[in-house]
Undergrad: 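Mind looking over this structure? Questions follow.
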Amino acid sequence: MSEKPTNFIRTKISDQIKQGQIDQVVTRFPPEPNGYLHVGHAKSICLNFGLAEEFGGRCNLRFDDTNPEKESQEYIDAIEEDLRWLGFEWSELCHTADYFEKLFEWALHLIRNGDAYVDEQSAEEMRENRGTLKQVGFDSPYRDRSISENESLFLKMREGQMSEGAAVLRAKISMSAANMNLRDPALYRIRHTKHPRTGDKWCIYPTYDYAHGQSDAIEGVTHSLCTLEFEDHRPLYEWLLKRLPLPSRPKQTEFSRLELEGTVTSKRKLNSLVQEGYVSGWDDPRMPTIVGMRRRGFSPEGIRLFCERIGVTRKPNTIELQILEGSIRDDLESRAHKAMAVMDPLKVVVTNWDQGPLSLRVPWHPKRLELGSRTMLFGRELYIDRSDFELDPPDGFFRLVPGGSVRLKYGFIVDFEDVILDDKGSAKEVHVRYDPETRSGQDKSGRKVKGTIHWVHAESAEEVDVRLYDRMFTVPDPGNYEDPSSVINPESLILGTAHVEPALGHLMPEAYLQFERVGFFKQDPASGQGRLTYNRSVTLKDAWTKKS
RNA sequence: UGGGGUGUGGCCAAGUGGUUAAGGCAGCGGGUUUUGAUCCCGCCAUUCGUAGGUUCGAAUCCUACCACCCCAGCCA
């Protein structure tokens with residue numbers, strides 16, 4: 001419908017193209033494979049891939065695998081899977097590790113030009129000598145070693161002749177720079193650790209700061225997009241680019257990261273929720289991970305719509321959860337098959353129904369007939385939702401009430417006849433009479449009723465498990481809590497059952513569903529062969545309960 | 001006077017000197033509706049962090065101030 005919202009990066013690129021400054025756009029999505037992708041990554045993914053696509057360029061997937069201690073193949077596989085599921089295809093699949101040889105040569109280049117040195121201070125000494133935000137640091141005693149000494153020491157580092165922590169290669173910039181990143185940042189550290197991709201080949205690994213810009217240059221990245229916390233690293237990024245014989249000159253541009261109300265996106269905190277068993281795993285439907293949202297029943301298109309709606313700026317922002325939920329609803333509204341499910345059954349006996357069950361042909365989506373149709377049975381005993389009957393209705397309630405009538409959607413109008421109460425005085429069974437003139441699609445009665453409710457045929461309905469998900473935390477800013485598990489919403493998952501129409505079994509297990517008047521649902525992929533489980537993705541908007 | 005950023009309605013966000021400050025989400029009012037959903041229509045910032053200044057004219061330029069965010073890993 002509406003055209004895509006613009007943002008400062010898009011505007012800048014189209015200006016650059018107009019002025020002939022660039023002829024191709026190359027971006028990259030550079031996750032570190034040390035955790036699962038989450039909604040914050042989705043923003044970056046949509047930006048990077050979206051820009052490349054819009055301007056006819058390329059976007060690589062690059063695993064920023066410079067730290068073997070935290071990375072693993074499990075995450076690499078999961079990230080690729082998530083990206084494909086979101087609907088993106090990378091131009092090239094890259095690994096920073098594939099550039100290790102080149103990066104090493106360039107480190108030698110820096111050394112030979114007097115731009116880097118091997119420091120043998122301990123980590124603690126380095127920290128002490130770095131100074132503070134307001135005080136300059138002190139030069140390392142090793143700072144002025146000769147080039148040849150640096151070179152042979154660095155070679156020793158690579159050859160495994162030095163132990164972890166014994167030395168580090170540092171850029172020789174300035175220990176009195178106001179920007180802390182310029183106080184002789186570490187370029188290489190020693191790690192006698194096996195790397196998921198290069199195995200035992202290396203025992204020195206480049207830092208992010210050293211590897212990133214050079215990797216961008218190797219890939220011909222034109223626009224290196226990252227979040228605002230890297231802004232202070234840009235001078236270092238450029239310092240390196242300027243001193244090395246690189247094939248291209250990428251430009252870093254920062255944007256603000258996604259802050260989502262009621263959501264934690266710190267990998268560390270998400271990991272601890274998983275490790276401590278507060279959720280069932282990275283794919284728990286309450287998790288803001290891609291796998292979690294996927295299992296919850298969010299669609300890739302819905303997530304992308306969300307990313308489009310939130311925009312891209314450099315401002316601090318906190319996105320309301322409704323924007324995510326609204327995006328998911330808006331996408332699912334037309335995508336989902338619509339079916340009947342009764343969450344809390346109340347038996348209804350149609351006392352004047354003397355025949356066997358009647359088959360009704362019902363479309364899966366009233367506005368999208370191409371989705372086909374299914375059969376629903378109407379008969380003497382039905383279930384409706386308990387919340388759709390009130391003995392003592394509040395004003396404005398227009399479902400079933402004593403003395404009243406409602407339409408059973410796609411079936412008939414029924415008129416209240418009697419109610420049987422249990423010993424606590426609540427309804428146990430409602431008796432109604434159906435009006436044969438009011439069959440859906442061939443109603444000649446001219447009758448109008450205020451309410452239409454959903455229902456299922458009691459005998460043929462299938463009982464399934466449902467998981468009703470709600471926001472995971474009780475506070476809007478769980479990320480500000482050191483231990484977010486202390487503010488988990490005890491009602492973030494409510495287990496229940498439902499009676500669903502048997503035709504659901506004819507749909508693909510991965511079909512998006514709407515249980516009419518209840519919410520959007522999706523079959524849980526771990527549903528057993530016995531009872532099926534449906535996860536509630538998101539509720540429907542509900543003007544009625546909001547009012548009352 | 002460490003350095004770097006950011007401030008436009010409840011939440012996002014266009015706008016970069018020239019009529020009444022786009023749009024989305026939320027909200028409110030109304031219409032349609034066999035989902036109290038969807039859909040449709042309407043309303044919703046005399047004002048752009050604050051205070052001054054420049055100008056015929058400022059959210060856009062200048063000055064000062066205020067608030068908030070990021071930075072002291074051999075993490076990314």
Side-chain angles (χ1 to χ4, degrees), chain A residues 2-3 5-8 11 30-32 34 64 66-67 69-70 119 121-123 126-128 130-137 164-170 177-183 185-191 204-205 207-209 211-212 226-235 254 256 261 267 306 308-327 329-330 333-334 338 340 366-367 396-399 406-411 413 438 440-441 443 448-454 514-519 539-548:
Chain A
S2 59
E3 50 190 62
T6 193
N7 61 58
F8 74 102
T11 305
E32 181 187 15
N34 70 342
D64 207 357
T66 57
N67 186 351
E69 292 185 322
K70 307 205 277 179
D119 194 348
Q121 290 184 105
S122 68
M126 272 183 65
R127 190 179 348 105
E128 281 162 20
R130 186 153 29 235
T132 68
L133 294 178
K134 296 188 178 184
Q135 284 172 289
V136 300
E164 284 191 17
V168 55
L169 183 73
R170 288 230 257 175
N179 181 342
M180 301 295 285
N181 297 299
L182 264 21
R183 318 249 260 229
L187 268 22
Y188 267 94
R189 70 285 217 190
I190 300 169
R191 289 287 177 278
I204 56 171
Y205 292 96
T207 59
Y208 163 88
D209 279 319
H212 206 88
C226 62
T227 45
L228 243 25
E229 62 268 30
F230 292 101
E231 192 164 23
D232 288 344
H233 296 240
R234 190 173 359 122
E254 312 83 18
S256 44
E261 185 185 276
K267 274 183 193 168
F306 168 70
E308 203 169 284
R309 284 182 177 174
I310 59 176
V312 178
T313 66
R314 293 168 63 85
K315 292 196 296 200
N317 62 79
T318 304
I319 308 292
E320 294 177 329
L321 216 44
Q322 285 109 306
I323 298 186
L324 211 210
E325 293 175 349
S327 302
R329 282 193 191 101
D330 285 356
E333 167 56 30
S334 60
K338 302 188 174 186
M340 306 281 201
K367 291 180 183 171
F397 185 84
F398 50 74
R399 282 109 93 159
V406 271
R407 162 144 244 134
L408 297 177
K409 185 163 182 170
Y410 295 129
I413 289 177
T438 58
S440 276
D443 188 333
K448 291 283 178 204
V449 288
K450 281 179 299 182
T452 299
I453 63 175
H454 60 283
Q514 181 191 100
F515 291 163
E516 296 212 35
R517 304 208 311 128
V518 179
T539 59
L540 257 33
K541 266 204 234 170
D542 182 0
W544 167 248
T545 57
K546 187 159 45 179
K547 195 173 290 179
S548 44

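Each chain gets a letter, A, B and so on, in the order the sequences are listed, and its residues count up from 1. Atom set for the values below is all heavy atoms of this structure, side chains included, hydrogens, waters and symmetry mates excluded.
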Undergrad: At under 4.0 Å between heavy atoms, what does Phe397(A) touch on the DNA or RNA strands: base, sugar-phosphate, or nothing?
TA: base
Undergrad: Do any N or O atoms of the protein come closer than 3.5 Å to N or O atoms of nucleotides 27-32 of chain B, and which pairs are they?
TA:
residue : atom : partner   : partner atom : Å
G27(B)  : OP1  : Lys546(A) : NZ           : 2.2

Undergrad: Mark yes or no for a side-chain to base donor-acceptor pair under 3.5 Å between Arg234(A) and G4(B), with no hydrogen or angle criteria applied.
TA: no
Undergrad: Return a single string for nucleotides 8-13 of chain B, one symbol per nucleotide in 5' to 3' order, where B is base contact, S is sugar-phosphate-only contact and - is none, cutoff 4.0 angstrom on heavy atoms.
TA: B-BBSB
Undergrad: Look at all strands and tell whether Lys338(A) reaches a base, only sugar-phosphate, or nothing, counting heavy atoms closer than 4.0 Å.
TA: base
Undergrad: Within the 4.0 Å heavy-atom criterion, would you say Gly396(A) contacts the bases, only the backbone, or no part of the nucleic acid?
TA: base
Undergrad: With a non-hydrogen cut-off below 4.0 angstrom, is His454(A) in contact with a base, only sugar-phosphate, or nothing?
TA: nothing
Undergrad: Would you call the rings of Tyr208(A) and His233(A) parallel, tilted or perpendicular, where under 30° means parallel and over 60° means perpendicular?
TA: perpendicular
Undergrad: Considering every strand and a 4.0 Å limit on heavy-atom distances, what is the contact class for Gln514(A): base, sugar-phosphate, or nothing?
TA: base
Undergrad: Please determine if a side-chain N or O atom of Arg329(A) lies less than 4.0 Å away from the OP1 or OP2 oxygen of C39(B).
TA: no
Undergrad: Contact class for Thr207(A) vs. all strands (heavy atom < 4.0 Å): base, sugar-phosphate, or nothing?
TA: sugar-phosphate
Undergrad: When the P atoms of U60(B) and C44(B) are compared, how many Å lie between them, rounded to an integer?
TA: 25 Å
Undergrad: When you measure from the side chain of Ser256(A) to the backbone of Thr313(A), do you find a donor-acceptor pair of N or O atoms at a distance under 3.5 Å?
TA: yes
Undergrad: Using a 4.0 Å heavy-atom cut-off across all strands, classify Glu325(A) as base, sugar-phosphate, or nothing.
TA: nothing
Undergrad: Both distances under 3.5 Å, Watson-Crick or G-U wobble: on that basis, could you give the dot-bracket string for RNA chain B, with [ ] for crossing pairs and | for other-strand partners?
TA: .(((((((.[[[..)..(....]]].(((((.......))))).....[[[[[..)....]]]]])))))).....
Undergrad: Would you indicate, yes or no, if A76(B) has its OP1 or OP2 atom less than 4.0 angstrom from a side-chain nitrogen or oxygen of Arg189(A)?
TA: yes
Undergrad: Provide the distance between the two C1' atoms, one in A14(B) and one in G53(B), to the nearest whole Å.
TA: 28 Å
Undergrad: Is the phosphate of C75(B), meaning OP1 or OP2, less than 4.0 Å from a side-chain N or O of Arg191(A)?
TA: yes
Undergrad: May I ask whether Trp544(A) stacks on the base of G36(B), given the cut-offs of 5.5 Å between ring centres and 30° between planes?
TA: yes
Undergrad: Out of Glu516(A), Glu333(A), His454(A), which residue meets the side-chain hydrogen bond (donor to acceptor under 3.5 Å, both in side chains) rule with Lys338(A)?
TA: Glu333(A)
Undergrad: Whether Arg517(A) contacts G36(B) is assessed here as follows: a side-chain N or O lying under 4.0 Å from the phosphate OP1 or OP2. Is that the case?
TA: yes
Undergrad: Report which part of the nucleic acid Tyr410(A) touches: base, sugar-phosphate, or nothing (heavy-atom distance under 4.0 Å, all strands).
TA: base
Undergrad: Regarding Asn67(A), tell me which of base, sugar-phosphate or nothing describes its non-hydrogen contacts under 4.0 Å with the strands shown.
TA: sugar-phosphate
Undergrad: Measuring from the side chain of Thr66(A) (C-beta onward, heavy atoms only), which nucleotide among C70(B), G5(B), A76(B) has the closest atom?
TA: A76(B)
Undergrad: Once hydrogens and angles are ignored, does a donor-acceptor distance under 3.5 Å link the base of G36(B) to the side chain of Asp542(A)?
TA: no
Undergrad: Report which part of the nucleic acid Ala186(A) touches: base, sugar-phosphate, or nothing (heavy-atom distance under 4.0 Å, all strands).
TA: sugar-phosphate
Undergrad: Need one value for Phe398(A): base, sugar-phosphate or nothing, where a base atom within 4.0 Å counts as base even if backbone is also close, heavy atoms only.
TA: base
